[in-house]
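Here is the structure we will look at, set down as structure tokens.
Just follow the structure's listing: the first ligand is 1, and inside any ligand the first atom is 1. This chain uses plain numbering: 1 for the first residue, then up along the sequence.
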Amino acid sequence: MHRLGILTGGGDCPGINAVIRAVTKSALYRYNIEVIAFNNGFKGLVENEAWLIGEEAASGILHRGGTILGTTNRDNPFRFRVTGADGKVTYEDRSADALRHVDEWNLDGLIVVGGDGSLTLAHRFTEMGVPVIGIPKTIDNDLGATEVTFGFDTAVATATDAIDRLHTTAESHHRIMVLEVMGRNAGWIALQAGMAGGGDIILIPELSFNYGAVIEKIRQRRSRGKKFSIVVVAEGAFPEGGSPVYQTAGGAKRLGGIGQIVSEELEQRTGIESRATVLGHLQRGGSPTPFDRVLATRFGVAAVELATAGCWNQMVCLQGGVIRGVPLAEAIAEIKRIDPECEQLKAALAVGMSFGR
Ligand code: F6P
């Protein structure tokens, strides 16, 4: 084996640079394999924006957030957005260009660092004969085959810090403070940060909530002398009989807005002043935690190991504390959501947290 390609797709996430560093350095140091980096995810593969990433470019990036390669969560090679001279947008299948560039660069295989969207695209390329290794990346922690994705720990740390800070105003002003966190249709960030930050009410997509139960919890707290409450809401959470809230600004449909709705509803129904904070992309930014740096490094090294062993079309994952490979098809088959019967949720309930039920 002489050459591997690497690209980072989907939303940025703390720890991607640690993966790029680990892949590049371990490929070079252990196997003398060159690494060709494609900029901006699959867009770079389609448009052949690629370069030889050496030791120098892979150095000094372990602690840096984002991705030095750039990324996009819009450019699907099988439905590629093309803007004509008249400004009109059309969509074309450009997967043949991507395949040609894999050939032209003489790649033995491609390492794709991505979440479920990018790994699903990667899987389509495996069906067209491109050898691929996937590395799971997402702050949402919603990939079924791995116990944890890198980026999640950093996002949880940021959200926990936000909850700690919101306590100050909540306590001083005797308010309800609502924090909306990311996570798409999984409540992992809300659950983990809610527990770590001592949130009083945690609302997750896996358990539709009931306003009456949320208000009851707030009243119980007040009767015990706790005049404030912290509500942590996952962006994908919704009330019983309702559905997730989306923002449609700019034509794109994105989850978001449930925090403000919950805040207004609680203020109106309890008479207690309430404020909403949307943590947004702060959860994706900044330096990765030590845990994420180490996990990203282990994933990057394991991806090169799988490639050199010829174990293609696998995704690296963490299972039972061990890094191994699982078939890519299996890895993308199911989104990992919180089991309402799980021990962690029961532990939160045991210490008096409410899920609005
Ligand atoms: O998947 C990561 C994530 O940050 C989600 O938690 C969130 O819903 C989404 O991406 C936001 O995407 P964008 O950066 O395109 O607004």
(request) Ignoring hydrogens, just give me the one of K137, R284, R184 whose non-hydrogen atom is nearest atom 11 (C) of ligand 1. (result) R284
(message) I'd like to know if L255 contacts ligand 1, where contact means a heavy-atom distance under 4.0 Å to any ligand atom.
(response) no
(request) Say whether, by atom type as modelled, one donor and one acceptor occur between the side chain of N313 and the main chain of T126 under 3.5 angstrom. (result) no
(request) Indicate whether the side chain of T158 and that of D161 have a donor and an acceptor atom separated by less than 3.5 Å. (result) no
(message) Would you say D292 and T154 are linked by a side-chain donor-acceptor pair, where the criterion is simply a distance under 3.5 Å?
(response) yes
(request) Could you grab the distance from atom CD1 of I201 to atom CD of E216, nearest 0.5 Å is fine? (result) 10.5 Å
(message) Pairing donors with acceptors under 3.5 angstrom, does anything connect the side chains of Q192 and Q344?
(response) yes
(request) Within a distance under 4.0 Å of any heavy atom of G183, pick out the atoms of ligand 1 and give their elements. (result) 6 (O)
(request) Answer yes if the side chains of Q268 and E264 hold a donor-acceptor pair under 3.5 Å, and no otherwise. (result) no
(request) Mark the output for G11 as yes if a heavy-atom distance to ligand 1 is under 4.0 Å, and as no if none is. (result) no
(request) With rounding to the nearest 0.5 Å, note down the distance linking CZ in R337 to SG in C342. (result) 13.0 Å
(message) Can you check which of Q247, E235, Q283 brings a heavy atom nearest to atom 8 (O) of ligand 1?
(response) E235
(message) To check your reading of the model: name the closest protein heavy atom to atom 16 (O) of ligand 1, its residue, and the distance in Å.
(response) R254 CD, 3.3 Å
(message) Return the closest protein heavy atom for atom 6 (O) of ligand 1 as residue, atom name and distance.
(response) D140 OD1, 2.7 Å
(message) Looking at ligand 1, is there an atom of it that comes within less than 4.0 Å of some heavy atom belonging to H281?
(response) yes
(request) Give the residue and atom name of whichever protein heavy atom lies nearest to atom 15 (O) of ligand 1, and the separation in Å to one decimal. (result) N73 ND2, 3.1 Å
